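A short write-up of the structure that comes next.
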Amino acid sequence: MRIARFSIDGNVAFGAVEGDSATGAEGGLVLNIIKGIPYTDFELSGTRVPLSKVRLLPPVLPNKVVGIGRNYAEHAAELGNEVPDLPVAFFKPTTSVIGSGDAIEYPSFSDELHHEAELAVVIGRMCREVPRERVKDVIFGYTCANDVTARDAQRREKQWARAKGFDTSCPLGPWVETGIDPAAIADGLAVQCTVNGEQRQLGRTSDMLRSIEDLVVHITEAMTLLPGDVILTGTPAGVGPLTVGDEVAVTIEGIGTLTNKVIKRG
């Protein structure tokens, strides 16, 4: 099931996305409004609204976004980094999160903004110290993410708080797909990024150095994850610059396409 969060006529709701978007066209999709919130047992109301009539919001409002750096060997190499012995974790604040169709604001402190297409894991229940065999039980679903990074600030400041945590640096969407088999991720879902229609990144989740299970176990050894929290699983090789006016799209096989335009911060 695809679960979207949206606004219409000033009201915010969750809905199950119905229809076929295999061609990338969303004109025929509708939202079956959910009663309640999707992390617990819920019912579909039967009230449907066309997707074209709503504004998609970030599909979740995370308490925290935990990013994982250098989880693809070729990406680590393209930036001149060694593959780490343990996952490299960092945070993106909730104020960095935007939805599909929202604008990425180019930060004033950077002259080198990069796209990073990533598979994002959405947590479905409060969890801590999750054993490997229970990881699948705490995952609500998966969505597309763009870990937008001020690369020059990342190099200059030697840590990643501003470089990866500025406002609008974490596009998520367009919805959460709850029906992905973890085996399909291990086998390899395609992760693609295009800028103005030109392909920049194309990798597969099978190239991740640490699996979803590895990451959830590692993170929850240290902290409690809450429903709606997000884990960014790393980006394949091919990261590159974004400029004002660019349209950047992240497409993940079996999920959909997240699209955002880059604007000058006003």
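As the structure is a prediction and not an experimental result, all values here were calculated from the model.
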Is a donor on one side and an acceptor on the other found under 3.5 Å between the side chain of [X] and the backbone of [Y]?
X	Y	result
Thr149	Asp147	yes
Thr259	Ser100	no
His115	Gly240	yes
Trp175	Ala16	no
Thr205	Leu189	yes
Tyr106	Thr243	no
Arg5	Pro58	yes
Ser110	Glu112	yes
Asn196	Glu247	yes
Thr178	Met1	yes

Shortest non-hydrogen contact from [X] toward [Y]:
X	Y	result
Pro236	Ala117	CD-O, 3.4 Å
Pro62	Val97	CG-CG2, 4.0 Å
Leu29	Gly19	CD2-C, 3.3 Å
Glu105	Thr168	N-OG1, 2.9 Å
Arg70	Ala76	CB-CB, 4.2 Å
His114	Leu242	C-CD1, 4.1 Å

Single-linkage hydrophobic cluster, 4.5 Å side-chain cutoff, [X] and [Y] together:
X	Y	answer
Phe140	Leu119	no
Phe14	Val122	yes
Val176	Val17	no
Ile212	Val191	yes
Tyr72	Leu209	no

Check against side chain to side chain contact (heavy atoms under 4.5 Å, CB included), Leu225 and Val138
CA-CA 9 Å; Leu225 295 178; Val138 306; over 6 Å; no

For a 4.5 angstrom cut-off between non-hydrogen side-chain atoms, does [X] reach [Y]?
X	Y	value
Val49	Val54	yes
Thr94	Asn63	no
Leu172	Pro59	yes
Thr95	Pro93	yes
Asp214	Arg132	yes
Ile33	Phe6	yes

Sole residue of Ile3, Ile123, Val60 in side chain to side chain contact (heavy atoms under 4.5 Å, CB included) with Tyr39:
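Single side chain to side chain contact (heavy atoms under 4.5 Å, CB included) partner of Tyr39 among Ile3, Ile123, Val60: Val60.
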
Between Ile98, Val248, Val250, which is the residue that forms a side chain to side chain contact (heavy atoms under 4.5 Å, CB included) with Pro171?
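Single pass found, and it is Ile98.
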
Side-chain ion pair, [X] and [Y], N-O less than 4.0 Å:
X	Y	value
Asp246	Lys261	no
Asp137	Arg134	yes
Arg204	Glu253	yes
Glu18	Arg2	no
Glu116	Lys164	yes
Arg55	Asp102	yes

So, taking the atom named [atom1] in [X] and the one named [atom2] in [Y], what distance separates them when rounded to the nearest 0.5 Å?
X	Y	atom1	atom2	result
Leu258	Thr251	CG	OG1	8.5 Å
Ile252	Ile185	CD1	CD1	9.0 Å
His75	Glu118	NE2	CD	7.5 Å
Asn71	Leu232	CG	CG	11.0 Å
Arg155	Leu79	CZ	CG	8.5 Å
Leu215	Thr220	CG	OG1	10.5 Å

Checking Phe109 against Phe166 for the side chain to side chain contact (heavy atoms under 4.5 Å, CB included) test, could you report, in this order, the C-alpha distance in whole Å, the side-chain angles of both residues, the deciding distance, and whether it holds?
CA-CA 10 Å; Phe109 59 85; Phe166 62 88; 4.1 Å; yes

Do the side-chain N and O atoms of Lys35 and Ser45 include a donor-acceptor pair separated by under 3.5 angstrom?
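The criterion, which ignores hydrogens and geometry beyond distance, is not satisfied for Ser45 and Lys35.
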
Run the salt bridge (Lys or Arg N to Asp or Glu O under 4.0 Å) test against Glu157 and tell me which residues pass, sequence neighbours left out.
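Only Arg162 meet the salt bridge (Lys or Arg N to Asp or Glu O under 4.0 Å) criterion with Glu157.
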
Please step through side chain to side chain contact (heavy atoms under 4.5 Å, CB included) for the pair Val239 and Glu78, ending with a clear verdict.
CA-CA 9 Å; Val239 300; Glu78 73 179 344; 3.3 Å; yes

Under the side chain to side chain contact (heavy atoms under 4.5 Å, CB included) criterion, do Val66 and Asp229 qualify, and how do the steps go?
CA-CA 8 Å; Val66 185; Asp229 280 352; over 6 Å; no

[atom1] of [X]: more than 12 outside heavy atoms within 6.0 angstrom?
X	atom1	value
Arg156	CZ	yes
Gln159	CD	yes
Gln199	CD	yes
Met223	CE	yes

